[in-house]
Amino acid sequence: MELLPPQIADALNLPEGYSAAKEVAKIQKAVFPMFKEQGFTSKGRCFNKASPDGTIRVVHFVTMPATSSEYGKFSVEIGVYIPEVWMFMHGSYGARIPKTFNIADCEVRLAVVPPGASSARYQYWEAIAYPELTTRLRETLGEQASQFFGRFSDRAAILQELEKNDASVPWVRKDAPFIFAILDAEAGRTKPEAARHEFESYLERALKFGHHHPDHEKYVRALIARL
C-alpha cells in the first residue's frame with residue numbers, strides 16, 4: 001500500500017508515511033460491530049444487509065484519493081439498492097449485478113455529515129483513527145442510519161416517500177419520477193403507458209425550467225423507449 005510522499009505530506013500537513021486507506025480501515029473496523037449486530041456483512045469499504053423484500057441496505061466508506069485536494073479525509077454514505085430500478089437503468093445495458101453493493105448502486109442515498117458542519121456540503125471526516133473521532137462517527141452514523149433505514153425500510157415506504165411533494169428524498173430529487181414510475185409499474189399499479197407519461201412530463205418540466213442537458217434528455221428518452 002503506497003504511503004504519502006514527504007512533499008505531499010508537508011503540503012497537506014499530514015505525517016510522512018501517512019496512509020488514509022490504513023486509517024479508514026481502522027475506523028471502519030471499529031464501527032462495524034455495531035452493524036454486524038444488525039445483520040450486516042462487511043467487504044471492502046462496504047457494509048451490506050439484505051431486507052426481506054430484496055432491497056439492500058448499504059453503508060459505504062469512501063476514501064479520497066491521493067490526487068484529491070481532500071486527501072486525508074473520507075466520507076460515509078448510506079443508501080438503499082432497489083433491484084428492479086438498478087436492472088432497468090443499468091442491467092439492460094449489460095452491467096452485471098455486483099456481489100457487494102456500494103453507494104453508486106443505490107437510488108436513495110444520504111451522506112453522513114460530521115456534527116457541527118456548517119453545511120451538508122462539508123461531508124468529510126478526518127481520516128485519522130483517534131478514539132474521539134471513532135466515537136463521534138459511531139454515534140452519528142448509528143443515529144442517522146437508524147433513521148434513514150427506518151424511513152426507507154422497504155418498497156412500500158420508498159414509494160410513499162417518493163409520492164411526497166416536498167422533494168425531501170435525499171439524493172434522488174431529479175430522479176424521483178424515474179424511480180417512482182419504475183417501482184409503480186413493477187408493482188403492477190400502473191401500465192407502461194402511465195410510466196412513459198411520467199417520464200415525458202419530467203422532460204417537459206426540465207425543459208420549461210431550464211434544467212436540461214441534451215445527453216440527459218437522450219438518456220431519459222432511451223428509458224422511455226424501454227418501458
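None of these values were measured; they are calculated from a predicted model.
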(message) Would Glu126 and Leu133 count as a side chain to side chain contact (heavy atoms under 4.5 Å, CB included) here? Give the steps.
(response) CA-CA 8 Å; Glu126 297 294 332; Leu133 180 142; 4.0 Å; yes
Are [X] and [Y] close enough that some pair of their side-chain heavy atoms sits under 4.5 Å apart?
X: Arg151; Y: Ile158; result: no
X: Pro114; Y: Arg136; result: no
X: Val58; Y: Phe47; result: no

In Å, rounded to the nearest 0.5 Å, how long is the span from [atom1] of [X] to [atom2] of [Y]?
X: Tyr124; Y: Ser75; atom1: OH; atom2: OG; answer: 6.0 Å
X: Trp125; Y: Phe74; atom1: CH2; atom2: CZ; answer: 7.0 Å
X: Phe152; Y: Leu110; atom1: CZ; atom2: CG; answer: 8.5 Å
X: Asn102; Y: Lys43; atom1: CG; atom2: NZ; answer: 12.0 Å
X: Leu183; Y: Leu162; atom1: CG; atom2: CG; answer: 7.0 Å
X: Ile78; Y: Leu141; atom1: CD1; atom2: CG; answer: 6.5 Å

(message) Under the rule for salt bridge (Lys or Arg N to Asp or Glu O under 4.0 Å), what residues qualify as partners of Glu139, not counting sequence neighbours?
(response) none
Please check: side-chain N/O of [X] versus main-chain N/O of [Y], any donor-acceptor pairing under 3.5 Å?
X: Asn48; Y: Thr100; answer: no
X: Lys49; Y: Gln38; answer: yes
X: Thr55; Y: Ser51; answer: no

(request) Grab the two heavy atoms, one from Pro83 and one from Gly54, that are nearest each other, plus how far apart they are. (result) CG-O, 3.2 Å
(request) Could you pull out the closest heavy-atom pair between Gly79 and Cys106, with the gap in Å? (result)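 Between these two residues, the closest heavy atoms are C-SG, 3.6 Å.
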Mind checking whether [X] and [Y] sit in one hydrophobic cluster, side chains of I, L, V, M, F, W, Y counted as touching below 4.5 Å?
X: Tyr81; Y: Ile103; answer: no
X: Leu137; Y: Val24; answer: yes
X: Tyr71; Y: Ile128; answer: yes

(message) Please check if the number of heavy atoms outside Gln160 that lie under 6.0 Å from its CD is greater than 12.
(response)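 No, because the 6.0 Å sphere around CD of Gln160 holds 12 heavy atoms or fewer from other groups.
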(request) Identify, with sequence neighbours excluded, every residue that meets side-chain contact (heavy atoms from CB on, under 4.5 Å) alongside Pro52. (result)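 By the side-chain contact (heavy atoms from CB on, under 4.5 Å) rule, Pro52 matches no residue at all.
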(message) My understanding is that only residues two or more places apart in sequence, or in another chain, count here; which of them pass side-chain contact (heavy atoms from CB on, under 4.5 Å) with Ser153?
(response) Arg57, Ala157
(request) Show your working on side chain to side chain contact (heavy atoms under 4.5 Å, CB included) between Val108 and Glu161 and close with a plain yes or no. (result) CA-CA 10 Å; Val108 183; Glu161 290 293 329; over 6 Å; no
(message) Closer than 4.0 angstrom, basic N to acidic O: yes or no for Glu200 and Arg221?
(response) yes
(message) Going by the rule side chain to side chain donor-acceptor pair (under 3.5 Å), which residues pair with Arg155 if we only count those two or more places apart in sequence or in a different chain?
(response)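 Scan of Arg155 (side chain to side chain donor-acceptor pair (under 3.5 Å), adjacent residues dropped) gives Asp53, Glu84.
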For residues 28-37, which side-chain donor-acceptor pairs fall under 3.5 Å, sequence neighbours excluded?
unit_1: Gln28; atom_1: OE1; unit_2: Arg45; atom_2: NH1; d: 3.1
unit_1: Gln28; atom_1: NE2; unit_2: Gly44; atom_2: O; d: 2.8

(request) Could you note down all residue pairs passing salt bridge (Lys or Arg N to Asp or Glu O under 4.0 Å) where residues 58-83 supplies at least one of them, sequence neighbours left out? (result) Glu70-Lys73
